[in-house]
Amino acid sequence: MSNEKNASNEKKGQAAAAQTAITPTRAQDYPEWYQQVVRAADLAETSDVRGCMVIKPWGYALWENIQRSLDKMFKDTGHKNAYFPLFIPLSYFEKEAEHVEGFAKECAVVTHHRLKPGVKADGKQGLIPDGELQEPLVVRPTSETIIGASFAKWVQSYRDLPLLINQWANVVRWEMRTRLFLRTAEFLWQEGHTAHATSEEAMDETLKMLEVYADFAENWMAMPVVKGEKTEGERFPGAVNTYCIEAMMQDRKALQAGTSHFLGQNFAHASEIKFSDAEGKVSYAWTTSWGVSTRLIGGMIMTHADDDGMVLPPRLAPSHVVIIPVTHKPETAQAVLDYCNKLAADLRKIPYFGRTIEVEVDNRDIRGGDKTWQWIKKGIPVRVEVGPRDMEQDSVFMARRDRGHKEKQSVKRDEFVATIHAVLEEMQGTLFARAKAHREQNTKRIDSRAEFEAFFGARNEVEANESGGGAVKGGFALVHYAPDRKIEEELKTKFAVTCRCIPLEGAEEPGTCIFTGKPTTRRAIFAKSY
RNA sequence: CGGGGUGUAGCUCAGCUUGGUAGAGCGCUUGCUUCGGGAGCAAGAGGCCGCAGGUUCAAAUCCUGUCACCCCGACCA
């Protein structure tokens, strides 16, 4: 990203009414656009701690709304919340071989429990760790093993099953490269952990929660997803099967938005989760785990935001309506403000998806245009301006975030209040439809290896576009594929393409693998991904 | 951890080749004028130039070391 370009665009913008509020645009430089949207919307910022982000109030409110909606869905499906330790004794962690192997490289480890004055590594006087722990503690990257230890105590009889637990927590994965919301060293998430008496029950649970995630993604986030199963190479370390929801971002790359794992008896063996069945026979439980994280916010940005900044799906928006009083004439200022506050109070009485319509009255003493653009960039669904002229006519001047910023219309106040719910729902629907159309346009059925290679191009190959940027080549490729780790590795190296999943839905369709010619019954989705 | 790059005002950067002790735009503060719209003019606040050594009369600038961050790989929700 050239800063020169950035600066000159910004200047141009100020002189002649910006073309777009975000520079660069999606077409010019998608990754940089993403960062700028996060910043302009005031969702989060980087911190002084390597790879860790500060989630700002607007972003955190979004997370709280995600939490509230999901939490209800979890409870409605019989789960209870609990909380387990942040620290996992290394020995617990080592119990499941594949699990350790999968996570070892990204673990943060606590080795000491005290500080004392001394000479630091850089030769300076300061505080140095003292009191080495007998056993190092791993900061949880995920909690299967520590929760398993509790489950082992809680489960003795088949009558104790199923055990359906969810935890809202932070986890740490020491990633090499991080991006706000999409991949940070510490992130917030929920992790469901359940134990069952039979394999069938555990599998039902795994798929039920996948369904919950898909429902949430589509109906709350307005983000269409494909439900599918991961191939062996993409599986969660220690799982028997991993299921996922995959979404297509606006740059046509895939984002894994949630996973649900069928763990078989692997972790039950590791943690000794055993029970006596009705006949008195002792068996190991069947467990599952499933999670979604603050990454969902990154998904929402990359699904809905545009070149003017964030676009929030109304059902999750921290606020739905901002009222901007036009109060530059002192003689009418108070009356306008009173009118706005009354309007806000009336809107706040309207129920909307588990809460009420949330309203901001932005009476800050800054310029009106500036104020408007800040809210556009934050993605608030509806903006209304109310000045003396509107007040006289008992109307408001309304603009919607899903339409152009100049498309404003005067609406009678009572009509506005009466229709706001419907307007928000219409926007929610529009966002979903738009995202789904984008995915469909960029999903292609491919029947030969040559076509596959042409679709994705070489690693890092981009399509030049008219805005001077380079778009990622490809999209979702639907191909007949007989899972084979070697092929997946080759495709990853040569084309940066991975098998996202084998979709669960859709009719079986006999065919032959485009790489090996082996017979197959379904198509798999391949894509570049985050 | 490999390859490349960057650390200068709150933000984005210029200055470094050819050493002489700090600049711009935005943002911020104040005033006037404008204003149903991301304004104009003027004044002002703000920086031990990442850190530590070295060379020099003199270092943001040269040398050495170090730390941090960014990009491209490997790894990943």
Side-chain angles (χ1 to χ4, degrees), chain A residues 1-11 13-21 23 29 31-32 35-36 39-40 45-51 101-106 120-124 141-142 171-179 181-191 213 230 234 236-237 242 244-246 255-261 289-299 308 324-329 332 336 366-377 383-391 397 399 405-406 408 410 459-460 489 492-493 496 498 529-530:
Chain A
M1 173 65 218
S2 140
N3 290 302
E4 215 172 305
K5 182 172 77 185
N6 205 0
S8 78
N9 276 349
E10 206 145 314
K11 265 188 214 162
Q14 261 129 30
Q19 304 287 304
T20 60
T23 330
D29 184 346
E32 181 62 23
Q35 312 260 39
Q36 295 304 328
R39 190 156 80 142
E45 63 192 20
T46 51
S47 73
D48 293 341
V49 184
R50 200 199 106 104
E101 203 195 313
F103 284 104
K105 277 181 282 183
E106 43 191 89
K120 296 187 288 187
D122 60 7
K124 282 191 200 156
T142 178
V171 286
V172 168
R173 296 185 187 174
W174 214 255
E175 303 288 355
M176 287 301 155
R177 290 176 52 203
T178 58
R179 292 181 74 189
F181 291 117
L182 295 175
R183 180 168 302 113
T184 46
E186 180 192 16
F187 57 92
L188 305 182
W189 78 342
Q190 66 56 225
E191 47 182 325
Y213 286 156
K230 288 288 188 192
E234 300 280 330
F236 175 75
T242 287
C244 62
I245 50 171
E246 294 281 333
L255 182 79
Q256 178 175 307
T259 47
S260 184
H261 314 291
S289 69
W290 27 275
V292 295
S293 71
T294 35
R295 175 179 253 202
L296 291 178
I297 295 176
D308 284 331
I324 300 175
V326 181
T327 55
H328 59 276
K329 284 182 186 152
T332 51
V336 168
I366 60 172
R367 301 191 56 80
D370 221 346
K371 208 182 269 190
T372 300
W373 279 102
Q374 284 180 19
W375 287 109
I376 291 174
K377 288 185 277 193
R383 307 184 304 277
V384 295
E385 293 160 7
V386 179
R389 293 213 294 270
D390 306 294
M391 197 172 64
F397 218 53
H405 67 264
K406 283 184 180 160
K408 299 190 231 182
S410 186
R459 198 183 181 88
N460 295 331
E489 265 163 46
K492 196 169 176 179
T493 313
T498 49
S529 74
Y530 278 93

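The chains referred to below are lettered A, B, ... by the order of the sequence lines, with proteins before strands, and numbering in each begins at 1. Excluded from the calculations below are hydrogen atoms, water molecules and symmetry mates; all remaining heavy atoms, backbone and side chain alike, are included.
- Atom NZ of A:K371 is separated from atom CD1 of A:I376 by 13.5 Å, given to the nearest 0.5 angstrom.
- If you take CD on A:E191 and OG1 on A:T259, they are separated by 10.5 Å, rounding to the nearest 0.5 Å.
- No contact: A:R179 has no heavy atom under 4.0 Å from any strand.
- In this structure, the side chains of A:L182 and A:L255 come closer than 4.5 Å at one or more pairs of heavy atoms.
- B:rA77 atom P lies 9 Å from atom CZ of A:F236, rounded to whole Å.
- For B:rU21 and B:rA59, the C1' atoms lie 8 Å apart once the distance is rounded to whole Å.
- The P atoms of B:rU66 and B:rA24 are separated by 36 Å, rounded to the nearest whole Å.
- Taking every side-chain heavy atom of A:R39 into account, B:rC11 is the closest of B:rC11, B:rG36, B:rC71.
- Phosphate contact (OP1/OP2 of B:rC35, side-chain N/O of A:K329, threshold under 4.0 Å): absent.
- Applying side-chain hydrogen bond (donor to acceptor under 3.5 Å, both in side chains) to A:Q256 and the options A:R295, A:E234, A:K230 leaves one that passes, A:K230.
- Atom C1' of nucleotide B:rG73 and atom NZ of A:K492 are separated by 12 Å, given to the nearest angstrom.
- Within 4.0 Å (heavy atoms only), A:T184 reaches at least one base atom of the nucleic acid.
- A:S293 comes within 4.0 angstrom of a base, heavy atoms only.
- For the pair A:I297 CD1 and B:rA77 P, the computed distance is 19 Å after rounding to whole Å.
- The listed nucleotides are B:rG38, B:rG36, B:rC11; the one nearest the side chain of A:F397 is B:rG36.
- Which of B:rA77, B:rG38, B:rG36 sits closest to the side chain of A:R173 comes down to B:rA77.
- With sequence neighbours left out, the salt bridge (charged side-chain N to carboxylate O under 4.0 Å, His left out) criterion links A:E45 to A:K56.
- For B:rC11 and B:rC28, the C1' atoms lie 11 Å apart once the distance is rounded to whole Å.
- Whole-Å rounding puts the A:E234 CD to B:rA77 P distance at 8 Å.
- The distance between atom CD of A:E186 and atom C1' of B:rA77, rounded to the nearest whole Å, is 14 Å.
- Using atom C1' as the reference point in both B:rU30 and B:rG46, the two lie 15 Å apart (nearest Å).
- For B:rG27 and B:rG38, the C1' atoms lie 14 Å apart once the distance is rounded to whole Å.
- Contact between the side-chain N/O atoms of A:R367 and the OP1/OP2 oxygens of B:rA39 is found at a separation under 4.0 Å.
- Residue contacts shown for A:Y530 are absent, as no nucleic acid heavy atom lies under 4.0 Å away.
- If you take atom C1' in B:rG50 and the same atom in B:rU56, they sit 23 Å apart, rounded to whole Å.
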Could you summarise the pairing of RNA chain B as dot-bracket text, marking Watson-Crick and G-U pairs under 3.5 Å with ( ) or [ ] inside the strand and | across strands? (((((((..((((......[..)))).((((((.....)))))).....(((((..]....))))))))))))....
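- Applying the salt bridge (charged side-chain N to carboxylate O under 4.0 Å, His left out) criterion to A:K408, with sequence neighbours excluded, gives A:E385.
- When rounded to the nearest whole Å, the span between CG of A:L182 and C1' of B:rC75 equals 16 Å.
- Nearest heavy-atom pair, A:F187 versus A:S293, reported as atom, atom and distance to 0.1 Å: CD1-CB, 3.6 Å.
- Along RNA chain B, the nucleotide nearest A:G102 and the nucleotide nearest A:P388 are compared for position; the residue whose nucleotide lies closer to the 5' end is A:P388.
- Residue A:Q35 contributes atom CD, which lies 15 Å from atom P of B:rC69 at whole-angstrom precision.
- Between A:H328 atom NE2 and B:rG36 atom C1' the separation is 6 Å, expressed in whole Å.
- Taking atom C1' in both B:rG25 and B:rU61, one finds a spacing of 23 Å when rounded to whole Å.
- Separation of atoms CZ (A:R383) and CH2 (A:W375) is listed at 11.5 Å; rounding is to 0.5 Å.
- Nucleotides of RNA chain B nearest to A:K408 and A:T178 differ in position, and the one nearer the 5' end is that of A:K408.
- If you take atom P in B:rA22 and the same atom in B:rC48, they sit 12 Å apart, rounded to whole Å.
- No contact: A:L296 has no heavy atom under 4.0 Å from any strand.
- We find the OG1-CZ distance between A:T184 and A:R179 to be 12.0 Å, quoted to the nearest 0.5 Å.
- Closest to the side chain of A:K377, from the set B:rG38, B:rC75, B:rC35, is B:rG38.
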